[in-house]
Amino acid sequence: MGRAEARRARQRGARRANKAGGIRRFFTWKKLLGSFFVLCLLGMGAFVVAYLLVPVPEANAQAEMQSNVYKYEDGKILTRTGTVNREIVGLEKIPKDVQMTFVAAENKTFFQDAGVDLKGTARGLLNTVTGKGKQGGSTITQQYVKNYYLNQDQTVSRKLKELVISLKVDREKSKNEILAGYINTSYYGRGAYGIQAAAQAYYRKDAKDLTVAEGAYLAALLQAPSQYDWAVATDTGKKLVTERWTYVLNNMVGENWLDASTRAGLKFPVPKAPKAAPGMEGQTGYLVEAANAELERQGISEDRIKAGGWTITLNIDEKRQKELTRAVDDQLEAKLDRKSDKRDATVQAGAVSVDPKTGHVVALYGGVGATEHWLSNATRRDYQPASTFKPVVLATALDNGSETQDGETIGLNTIYDGTSKRPVEGSETPFDPENEDDRDYGRVTVQKATNSSINSVYAQMIVDVGPPKVKQTALDLGMKDGKGWPADRPAMSLGTMGASPWDMAGVYATLDNHGKKTTPTIVKSAEHRDDKPDIPDPIGDQVISREAADTVTQAMTGVVANGSGRNALGDYHAAGKTGTSENNRSAWFVGYTPELVTAVSLFGEKADGSGQVTLTDTVNPGRANGGGVPAQIWKQYTTGALDGGSDTKFDLELLEPVQQLPTQTPTQEPTRTEKPKGPDDKPTKTDKPDDKPTRTPDGTPTGPPPTRPGDSSGTDEGTTDGNTTDGSTTDGNTTDGSTTDGNTTDGSTTEGSTDGATGERPVKP
């Protein structure tokens, strides 16, 4: 290095040293500490000013409670919610140990603190500023102030007011007054404000009669009323509320508010089923709850909705809503004697109808009436969709260009072995499902296998495609994850997970809409004086290729024209799929025209709502099936909704032309070595249903045995002298409203084609 370069290097070093020294001189410890104290003094001064200037306002919680107005899509009023369900009770009317459950749940230091939690408030402010949602760690006094004097807005100004007013309230009111106010103003779910309304809503008793175990459940509810309501909670929700119930009682023991021996003898007090509020009769309550659940999914809390002041316009078409209700009444209710026949009383129907181009839910049927059966059958997710899931398997195969074990690309013309109980090839999990009536079909095309819902074909197809890929497609199309998804097992091909009519309507609407994600949406608009949330577009991205979706539609036109869905034939172009779950506990028909998608299902439910039962010998002698009453309801509704019919054709872009190949006639008494001969595609009728139980797939135990002679395992999508075979699914009880996931087990369905014409004209060419 030369002298000049060395000099320049020394100069650069000196400049850096001078710069660093200048920064150090500016950020000295004394200056930093002084700045900190100045900021603290400014903050304290601002707080003192706020404390002096912010008064304790007049109580406005009751005044702000208003009715909500719900309208049909054309603006006609559907209903108004009633008065707020709240009754103030004095603390002396609430058992002491029940009072303490709320303290144990929310604020163990309540009787000693000054009414605020500075750390929790700071955390809440930070969460609000950073957009992370609701605060945590506030005291009972702060929550009372929020409920009684302020509102639920998540803003910095509201939280600062809450802090100041809480300090003042804690000085001006006794702890007992604050506790009583908190217990009486909190929202417990089920439209109940205050402990008296909650005691009636959950346990059908007055607050004065609550036990400590029941009080602990109500105290636990306050953390998440919708998620923790036992009647509609998912398995996760039930687990969480049980854990919080335990936490509350253990805290009471720890604080010496409850004797340990008494605590040891307490059992979780399962609440009673909910009842609809007055004015929610018929389908109205189901529509209102579906709308509220959708708003909650969009981030509007239940307590804000229940507080009132909303004008909510639904996508429900009044004419189509009446047509759907009339179709269920004519095709189902007219055939049942609910009052005198205990079997008939177990039948539940649910349906959802969607415009595939917009995603709008134009009609919904939730059950016999929201005041008689509050749980909506349109959104519950605890029953198996059975073979209505098979189109998802086919869609996955087509979209992924999947190949058979022999290396042939799967399409509607691909040949599969339709032998009943044929062991699948290429699967680590053994599976050999039985076809309807144990029929062998021999070599059949995928189109024929779809028409006749041949289990052995679709069990092999899902192995060829890969069950994980099929599950992902199902979720992309609109199904929900949860318990009952055997993601690595071929039994999934038979629809062994839980799904609601709402879910399946969305899946089929996406297929009808050429593979563009179509999310069922019941809310058209929602307006409040303080808020007008944006409604997300129900039409999303392309989730499977148009060609794959359209080819599945083409396959399902064959189900209606020549297969198990012939009872859906009408003066319109239609595609659809039948499904009947194990033990005949659910029966489905999900179908669509170019303009309208509708999912219809029957569920067998115990009269007290505690579990699932078979549909056998209810709506008709023998076993119910998806090609029977569900398809008949679908046909009557679709005909009425389309004003008698439609000439609109499906606009399909297929992966390949569909060839109509002759298939072998299935035998009545099949064997492994002898194959039936002849070109007839129709399965031979049997004189009576096969009562032989189907082997449980994958070694997974299924539900309880059939409850009446004639019930068996497996399902039957075709009619066999009016009968179908049965199968099983585990009991569960959940909704979607947010629906929630139910419990299902792997099982096999046994489905086939419907023999014999129905007298209806065929689908238009």
Side-chain angles (χ1 to χ4, degrees), residues 386-395 397-398 410-420 433 435-437 439-461 493-495 508 511 550-569 573-580 588-592 625-628 630-631 634 650 652 654 656-666 676 678-685 715-720 724 749-758 760 762-765:
S387 286
T388 62
F389 184 77
K390 286 177 179 173
V392 178
V393 180
L394 179 58
L398 298 172
I410 298 172
L412 300 190
N413 303 315
T414 302
I415 303 297
Y416 269 95
D417 185 349
T419 301
S420 183
N435 294 332
E436 178 255 325
D437 284 337
R439 295 173 176 175
D440 283 344
Y441 287 85
R443 290 170 58 78
V444 294
T445 64
V446 168
Q447 177 66 65
K448 170 60 181 174
T450 306
N451 292 358
S452 299
S453 202
I454 302 175
N455 290 338
S456 56
V457 170
Y458 271 89
Q460 183 61 57
M461 188 187 299
S493 62
L494 307 183
Y508 280 55
L511 295 172
D550 288 358
T551 303
V552 174
T553 296
Q554 174 64 35
M556 286 194 285
T557 62
V559 175
V560 178
N562 303 302
S564 59
R566 288 192 213 175
N567 277 338
L569 284 165
H573 299 265
K577 186 70 186 73
T578 52
T580 309
W588 299 70
F589 184 78
V590 188
Y592 52 94
N625 67 86
W634 188 94
F650 289 112
L652 303 180
L654 305 180
E656 61 177 331
V658 179
Q659 303 172 5
Q660 297 298 332
L661 299 177
T663 58
Q664 297 168 314
T665 303
D680 188 359
D681 280 353
K682 296 191 297 181
T684 305
K685 290 185 179 180
T715 69
D716 167 13
E717 281 318 314
T719 57
T720 309
T724 66
T749 61
T750 310
E751 301 179 336
S753 67
T754 305
D755 283 346
T758 62
E760 309 295 345
V763 177
K764 293 181 179 181

Evaluation steps, side chain to side chain contact (heavy atoms under 4.5 Å, CB included), between Tyr416 and Met461: CA-CA 9 Å; Tyr416 269 95; Met461 188 187 299; 3.9 Å; yes
task: Could you check Val446 against Leu394 for side chain to side chain contact (heavy atoms under 4.5 Å, CB included), going step by step and ending with a plain yes or no?
output: CA-CA 9 Å; Val446 168; Leu394 179 58; 3.8 Å; yes
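Nearest heavy-atom pair, Ser420 versus Ser456, reported as atom, atom and distance to 0.1 Å: N-OG, 4.5 Å. Scanning both residues, Trp634 and Ala574, for their nearest heavy atoms gives CH2-CB, 3.9 Å.
A 4.5 Å side-chain heavy-atom check between Leu569 and Val560 finds at least one atom pair inside the cut-off. Contact annotation: the side chain of Asn625 never approaches that of Phe589 to less than 4.5 Å [non-hydrogen atoms, C-beta and beyond]. Looking only at side-chain heavy atoms (C-beta outward), Ser493 and Phe389 stay at 4.5 Å or farther from each other.
In terms of the ring-ring contact (aromatic ring centres under 6.0 Å, His included) criterion, Tyr458 has no residue partners (sequence neighbours excluded). Legend: residues meeting side-chain hydrogen bond (donor to acceptor under 3.5 Å, both in side chains) with Thr553, ordered by chain and number and at least two apart, are Tyr592. With sequence neighbours left out, Tyr508 forms a ring-ring contact (aromatic ring centres under 6.0 Å, His included) with no residue at all.
Rounded to the nearest 0.5 angstrom, Thr557 OG1 and Phe650 CZ are separated by 7.5 Å. We find the CG-OG distance between Asn435 and Ser453 to be 9.0 Å, quoted to the nearest 0.5 Å. Atom OG in Ser564 sits 10.5 Å away from atom CD1 in Ile454 (nearest 0.5 Å). Separation of atoms CG (Leu412) and CG (Leu398) is listed at 6.5 Å; rounding is to 0.5 Å. Atom NZ in Lys448 sits 15.0 Å away from atom CG in Asn413 (nearest 0.5 Å). Atom CD of Gln554 is separated from atom CD of Glu656 by 11.0 Å, given to the nearest 0.5 angstrom.
Here the side chain of Asn567 pairs a donor or acceptor atom with the backbone of Gly627 at under 3.5 angstrom. In this structure, the side chain of Asp417 engages the main chain of Thr419 through a donor-acceptor pair within 3.5 Å. Looking at Thr414, its side chain does come within 3.5 Å of a backbone N or O of Gly411 through a donor-acceptor pair. A donor-acceptor pair is defined here as one N or O able to donate and one able to accept, closer than 3.5 Å; no such pair exists between the side chain of Asn451 and the backbone of Asn562. Looking at Gln447, its side chain does come within 3.5 Å of a backbone N or O of Ala555 through a donor-acceptor pair. Checked by atom type and distance alone, the side chain of Thr580 pairs as donor or acceptor with a backbone atom of Gly626 at under 3.5 Å.
Listed by first then second residue, pairs satisfying salt bridge (Lys or Arg N to Asp or Glu O under 4.0 Å) with a partner in residues 553-565 number zero, not counting sequence neighbours.
Between the side chains of Lys577 and Thr450, not a single donor N or O lies within less than 3.5 Å of an accepting N or O.
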